[in-house]
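As the structure is a prediction and not an experimental result, all values here were calculated from the model. Every chain is numbered from 1 and lettered A, B, ... according to where its sequence line falls, protein lines coming before strand lines.
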Amino acid sequence: MEDMILYNRLQFAFTITFHYLFPQLTMGLSLMIVYFKWKFLRTNNILYNDASKFWMKIFALNFAMGVVTGIPMEFQFGTNWAKFSELTGGIIGQTLAMEGMFSFFLESSFLGMFIFGEKLLGHKLHFLSGLLVFIGSWASGYLILATHSWMQHPVGYEILENGKFVLNNFSALFTNPWLLPSYLHNQAGSLVTSAFFVSAVGAFYLLSNIHREYGQVFLKTGIVFGLIASIAVAFPTGDMLAKNVVKHQPATFAAMEGIFETEKGGSEIILIGQPDMENKKLDNKIAVPNVLSFLTYQRWHATIKGLNEFDEDIHPTNVPGLYYSYHIMAGLGTIFIGVMVIAAFLLWRKKLYQTKWILWILMFMIPFPYIANTAGWYTAELGRQPWLVFNLMRMVDGVSPTVSSGNTLFTLLGFVGLYILLGLLFLMLVLKIIRKGPETNLALKS
Amino acid sequence: MEMFWYIILVFMLGMYVVLDGYDFGAGIVHLLFAKTDDERAAIRNSIGPFWDANEVWLIASGGVLFFAFPTLYASAFSGFYLPLMMVLWFLIFRAIGLELRGQIHNRLWEKFWEKAFGIASLFLAIFFGAALGNVVRGVNLGMVENGLSTQEPQYFFLQLWNPTLDPLAEVHGIIDWFTILLGVVSVITLTIHGSNWIILKTSTDLNRRLKGIIFKLNIALVLLVIGTAALWQYVKPFPLNNLIGHAWLWIFPLIAGIGLIGQFWIKKFKKDGMGFLFSTLFILGSFATTVASLFPNVLPSTNSVNPSLTIYNVAAHEYGLSVGFNWFVIAFLLVVIYFIIQFRVFKGKLDDVGGH
């Protein structure tokens, strides 16, 4: 049974982690592509149309990867977590089915038109099809976050005698207090990834002295989007979400922050340290007194409950994993704000394109938003465990009863092999598209 | 409400089989019958703007199944674990075969992904036929051994095969001679269907050859359908009881028959879309016949200890099903609009749509 749960968890974690590398770029990028196309329609500057088409190529490749790695996600609820699906399907199936019906059809129909249809449609309709792809991808995120929020903070349900969760209030799924903060936080995170990606490509072009005019467009746009998104991730969205966690999942909050003991007179904020689970304390810590109390309750001396005060039975399954995920996310998030503020300042002073060191930094930032987004999701998921449905259903009660651990390991290995291949191909192709750079089509200029 | 969602689910799966079915068929033709690079390019262009949206019918059907019939979703997906995972892998290869081929202009690269696309399409066609065979034959619900359930009555797990490949063995597998036979029927049906799509959407020399191929394959298909129907009786006695009780249900086998026989006039059709119409009728008619003959069962039990899964004992609770009705109607109207727009934008022949 232990192995069964372990392999099922590993498979889900591996496939969802890999999958979310793609949507986190496409959701933000779709907005930026629509912006480029809109800017072209307004200014008639062909550079912006070329930019939108260039990013569309990268979008299309990412989208295809997102689709093929996304289908296994929907299947795995049933294949690996059958008991969970059986008992809660009437509720989470609702939002997942809506995702298929409302967003996937929209995205896939109009993506084809956006890629194949510029000549057939004309610029205005082409812009419209891009806009619809953007709406579809953000609607998809919304419905996934609605599903996720229900698992974090179940609402609008009742539990029947046979253990089944049934929905008794549809609109509660969408007014769930967990939903809005986590959706906005997630979308801002996605914009961070795409904005850093776009500016990194711009920096690469300037540093290698190729496609200079496009490099400047990418940097300008990427930094404006990046500055707004990096700040929005922390405040207000991250702040709203943290307040939700402290209110509804206080043990998770304590573990995230690395607070083992309740401190009377206010809790410190931990910057660095390693949780020592054997002795229930934090080693080698660097901390700033009272800041956590202030950030959480706006009072310097507010008391925050430490992890040791909660029953061990409801402690998050993997406290150090949760603590590190959260700290990696928050630490990187702070760095993102710093980088973007400096870059935006230099852009404003018209010095950015000549300042090599900041271009180097921007170029090398590419992997970090991916890491931060992934760490953020690990924080959310590890924070909920041992629960599948918070406080109501444990992981051990959700796995498929008839799928043996050997079969799960077999398919896990299959996914690992296949996804390594996919990842390598993706990197190779995306680098090729970037090196080739945007192409201008003079025929479309008029 | 169960009935409404049952009809919706069957309709959506039918849409999926018809739409992605022609993609698989096109993949098989691409693998086996296309001779020149121009022909292969035309085939890929004919499905290029569509395959992704077609695959969404599978995802959306999965979503509706999950939401409206969670117990069936949980039971079937965990029970058919191994073949489903392989379907996922083949779907990945089909998709990346199509999407990655054009990214690098190198003969070996292109050849490799063309084969990946073709072979994945072929295997998917076999799998979907075999899947239908498994549902028809039924499964050992509750994993009964010696008259006792070893699992909850709605769960099971199927091995890929047992050494005898006998569909009536006590412990059967996914693959037996009956399900393989349905796999072959599925491959031929979808090859004809995909050929008809290619004829409709392209204009290379391949099309004339394809008409000859369709004609020959259709002869084989008629024989196989008659043979399968006879063996069906052997594997699952009295399959037509439902139809005998409800005369109007004969419309489905009738539609299938019209589609099957009509295909023989393939060389005479004046309009390129006629063949596609007939293969669509055959697919929908035979799919509906199968589903109707099982009703109200959705997954029959092969043992006498545990009851079959029916639409009534696997459905979600009433409130969720009724509230879902409201959003579904809106979403469905939107989907219809998207499809009309999509087909109008990409109407006619697509030989040189470009992009792939």
Open item on the list: Please output the residues of residues 154-161 of chain B in contact with chain A, using a heavy-atom cutoff of under 4.5 Å, in numerical order.
Closed with: Q154(B), Y155(B), F156(B), F157(B)
- [ ] Indicate, with yes or no, if the rings of F325(B) and W5(B) have centres closer together than 6.0 Å.
- [x] no
TODO: Answer yes if the ring centres of F415(A) and F14(A) are under 6.0 angstrom apart, and no otherwise.
DONE: no
Task: Top contributor to chain A contacts, counting heavy-atom pairs under 4.5 Å, from W327(B), F93(B), F66(B) - done: W327(B)
Open item on the list: Using the rule ring pair (Phe, Tyr, Trp, His ring centres under 6.0 Å), only one of F90(B), F128(B), F24(B), W89(B) pairs with F123(B); which is it?
Closed with: F90(B)
Open item on the list: Quick check on T88(A) against chain B: is it the side chain, the backbone, both or neither that has a heavy atom closer than 4.5 Å?
Closed with: neither
Open item on the list: If you take the centroid of each ring, where Trp contributes its six-membered ring, are Y73(B) and F67(B) closer together than 6.0 Å?
Closed with: no
Task: Non-neighbouring partners of T95(A) that pass side chain to side chain donor-acceptor pair (under 3.5 Å), sequence neighbours left out - done: T147(A)
Task: A74(B), part contacting chain A, at a heavy-atom distance under 4.5 Å - done: both
Open item on the list: If I measure from the heavy atoms of chain A, does I92(B) come under 4.5 Å with its side chain, its backbone, both, or neither?
Closed with: both
Open item on the list: With a 4.5 angstrom heavy-atom cut-off, is it the side chain or the backbone of I337(B) that approaches chain A, or both, or neither?
Closed with: neither
Task: Check: W197(B) ring centre within less than 6.0 Å of Y22(B) ring centre - done: yes
TODO: Identify which part of L334(B) has an atom lying under 4.5 Å from any heavy atom of chain A, answering side chain, backbone, both or neither.
DONE: side chain
Open item on the list: For F134(A) and F59(A), I'd like to know if the aromatic rings sit close, meaning centre-to-centre distance below 6.0 Å.
Closed with: no
Open item on the list: I'd like to verify something: which residue of L132(A), T69(A), L106(A), L96(A) has the highest number of heavy-atom pairs under 4.5 Å with chain B?
Closed with: L106(A)
Open item on the list: Please evaluate residues Q103(B) and W113(B) with respect to the criterion side-chain hydrogen bond (donor to acceptor under 3.5 Å, both in side chains), reporting the C-alpha separation (whole Å), side-chain torsions for both, the decisive distance (0.1 Å), and the verdict.
Closed with: CA-CA 11 Å; Q103(B) 302 272 359; W113(B) 291 114; over 6 Å; no
Task: Per-residue contact mode, L425(A) against chain B (heavy atom under 4.5 angstrom) - done: side chain
Task: Proximal component of F77(A), with respect to chain B [non-hydrogen, under 4.5 Å] - done: both
TODO: Supply the atom-to-atom distance H105(B) NE2 to E110(B) CD, rounded to the nearest 0.5 angstrom.
DONE: 7.0 Å
